[in-house]
There are 2 protein chains.
Amino acid sequence: MARLVDVARKAGVSISTASYVVTGSRSVGEETRRRVLEAVAETGYTPDAVARALRSARSQTVALVLPDLRNPFFTAVIDGVEAEARASGQSLLMVNTGEDPEREVASLRELRAQRVDGFIIGLTRQTPPDLVRNLQNSKKPFVLVDRAGPTGVDQVTVLNDVAAKVMVDHLLHIGHRRIGIVAGVRGISTAEDRLSGYRAGLEAAGIAFDESLVIAGGSRRELARLAVVEALSKPDRPHALIVTNNEMTLGALEAILTLGLSIPSDIAIVSLDDVPWAGVLGSPLTAVAQPSFAMGREAMRLLLRRVESPDAPPRWVRLRAEFVHRQSCGCSPESVSTGTAEAGQPVEGIGATAFGRES
Amino acid sequence: MARLVDVARKAGVSISTASYVVTGSRSVGEETRRRVLEAVAETGYTPDAVARALRSARSQTVALVLPDLRNPFFTAVIDGVEAEARASGQSLLMVNTGEDPEREVASLRELRAQRVDGFIIGLTRQTPPDLVRNLQNSKKPFVLVDRAGPTGVDQVTVLNDVAAKVMVDHLLHIGHRRIGIVAGVRGISTAEDRLSGYRAGLEAAGIAFDESLVIAGGSRRELARLAVVEALSKPDRPHALIVTNNEMTLGALEAILTLGLSIPSDIAIVSLDDVPWAGVLGSPLTAVAQPSFAMGREAMRLLLRRVESPDAPPRWVRLRAEFVHRQSCGCSPESVSTGTAEAGQPVEGIGATAFGRES
DNA sequence: TTGAAAGCGCTACCAC
DNA sequence: GTGGTAGCGCTTTCAA
């Protein structure tokens, strides 16, 4: 690989001048500039990112730390982050924590040694609260994605309470009264928000919240499967189900299949987060699609903003999820608009004084 | 962040000694060693990866360049690469080419400037042949994954011909004779291999290959959907379908649903590559699961081996896909072993003199 | 408008 | 067994 000194030599200028031309950080005489650029082209020079990072304390690299690389939700987030990273000339370092908080802290430490300019972090389900505090103290830019942290931190989340309420409203609207919710593990913002949106929806309709309709799905497929089998085996089972993440949706569907119930006649189901295979079920899955790609993109933008201005006020971006009407909710096929779940991605940018839940 | 000089000062030794203790690259007196280690612990020293990379020309970072971050197949590959990278202390730089060869070459160039130690590359569907040649000339270690390149290159692929033949054999075994194949775009190794496995399976059974049973699915969901709708609308339609990637499987299922056919009575279907939602279909999907995680892991291992010994003979690792028997093939439920597709991952390591297709 | 040179933090050569 | 120091390739201050 050609180095700057090669370019300088070829152009008959000093290294510093060559550098100024390449970086554009100082104006250079027209003729000199031209000669340098020519030399760059001839040698095929590309600045060495490592040397640059060492010297300038900016690596143009950000780290993406996520709990599960197999979950299509996070996959889509990665896609969004990657797209924005490429668009802004950043490199992307990727780490999977596998929902393990220990791996999470270890990764963060190692990544700091890589001199990344910042982190985009999807917290694990069990991240200890002081991890975020430590991060704040460390002065390294970071932004949380999906699962919320304390206020005063840059983050991008979904309006999960709204999303859940939309699902409840729809089910109520088409006549359901006994609506169960397959809830995730307590204590993580997403699960809590979805549950409170569910309660809010019922309350608004004047329906008493019934603890027995809350099915503890544990955020995971297999746990959800077991819990749903149990819940739907009871005599006073719900007639509609809101499932609050895509893993649990798979479990719930398996449970329903096992029990030999049909959708939507025996049991209606609506999923929080859409899935690519929603359309190939006997009764296509009605869902609320998370703006996952947009979340990744916004997270990256927030991070770059923070890198540029470390003292800017913290920003919490909340994105709206999109209702995708299909048939598993029990609406007649005619009333359902066709079209696949091309998640349009309306963006809400809200300042530090956020509304809604403050995790 | 503490630097090596801080450690040295604190331990009362020279910088070089501190370095030798940290890297273990030279033996150091017991007492000195102890003091240095103590200083390391006290200061919380972590070696600066950037400075190290600049000095030693080894960044301990590898790049993963893939055509589609949303495809669950590649997602699983990423998972495997990441796991092995973490296990061996490598960092992972990620790039999405979006099946665009231009982005592919641009990425490769930029990544070289990042001083990555090597590349793991999933070629796009249209990568020009000279890209691989250029890579070989560049002397940077690289390994191909999934789609094969020319011989003489480190790569890990699936025994796709075998996988397709297994599907054909099974369908023949249970009585099918008119077996169609939804084939991917011509010219990429995976699609070609699957098609030739299909032919081989038919030939072995003494059944003439019938061009009209080859459905051009274009490797993509929507193209496959259209092609399958057309193929299944003909009077002489096939009674069983082999679909040769997971995207097209989605399209084929949509087509079947649209046409109002039932699986497996009207049309049997077997998918090449398993999907997490195989079990929630009315007739659970019989599939051949690719060892995607293992592919990622093996690719990383191959790469590290190549980094260690640049002149070792090229190695082509071929992994076996696993038949996952469910019900969409038309077997009676009783004859189907239960259990989800926990892909066991038998590994075949074969030297440079490979068998089977040579790209 | 241009150039010389210090130095980012580390590794590894050479000297003792 | 230990230490001094050159230098990886670049940016940027200081001087001309």
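Note that these values count all heavy atoms, side chains included, but never hydrogens, waters or copies made by symmetry. Per chain, numbering begins at 1; letters A, B, ... match sequence-line order.
- With sequence neighbours left out, the side-chain contact (heavy atoms from CB on, under 4.5 Å) criterion links B:Val5 to B:Arg3, B:Arg9, B:Ile15.
- Under the side-chain hydrogen bond (donor to acceptor under 3.5 Å, both in side chains) criterion, A:Thr157 pairs with A:Trp316, sequence neighbours left out.
- In this structure B:Arg33 satisfies the salt bridge (Lys or Arg N to Asp or Glu O under 4.0 Å) test with no other residue, sequence neighbours excluded.
- Across every non-hydrogen atom of A:Ser59 and A:Asp117, the tightest pair is N-OD1, 2.9 Å.
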Where protein sits on nucleotides 9-16 of chain C, one letter per nucleotide: B base, S sugar-phosphate only, - none, heavy atoms under 4.0 Å: BBBBBB--
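- A donor atom on one side chain and an acceptor atom on the other are found under 3.5 Å apart for B:Arg109 and A:Thr46.
- Listed by first then second residue, pairs satisfying salt bridge (charged side-chain N to carboxylate O under 4.0 Å, His left out) with a partner in residues 127-153 of chain B read B:Glu99-B:Arg147, not counting sequence neighbours.
- Protein chain A contacts DNA chain D over a range whose 5' and 3' limits, counting nucleotides with an atom under 4.0 angstrom from a non-hydrogen atom, are D:dG9 to D:dC14.
- Residues of residues 30-44 of chain A having a heavy atom closer than 4.0 Å to DNA chain C, listed by number: A:Thr32.
- For A:Ser88, there are no side-chain hydrogen bond (donor to acceptor under 3.5 Å, both in side chains) partners at least two apart in sequence or on another chain.
- Evaluation of the side-chain hydrogen bond (donor to acceptor under 3.5 Å, both in side chains) rule for B:Ser91 yields A:Gln114 as partners, not counting sequence neighbours.
- By the side-chain hydrogen bond (donor to acceptor under 3.5 Å, both in side chains) test, B:Arg55 is found to be paired with no residue, residues two or more places apart in sequence or in another chain being considered.
- Over its full length, the helix from C:dT1-D:dA16 to C:dC16-D:dG1 turns its helical axis through 40°, comparing axes from the five pairs at each end and rounding to 10°.
- Take B:Ser16 and apply the side-chain contact (heavy atoms from CB on, under 4.5 Å) test, not counting sequence neighbours, and it matches B:Ser14, B:Tyr20.
- A side-chain donor from one of B:Asp79 and A:Asn96 sits under 3.5 Å from a side-chain acceptor of the other.
- Contact check on A:Glu298 versus A:Arg301 returns a salt bridge, with a Lys/Arg side-chain nitrogen under 4.0 Å from an Asp/Glu carboxylate oxygen.
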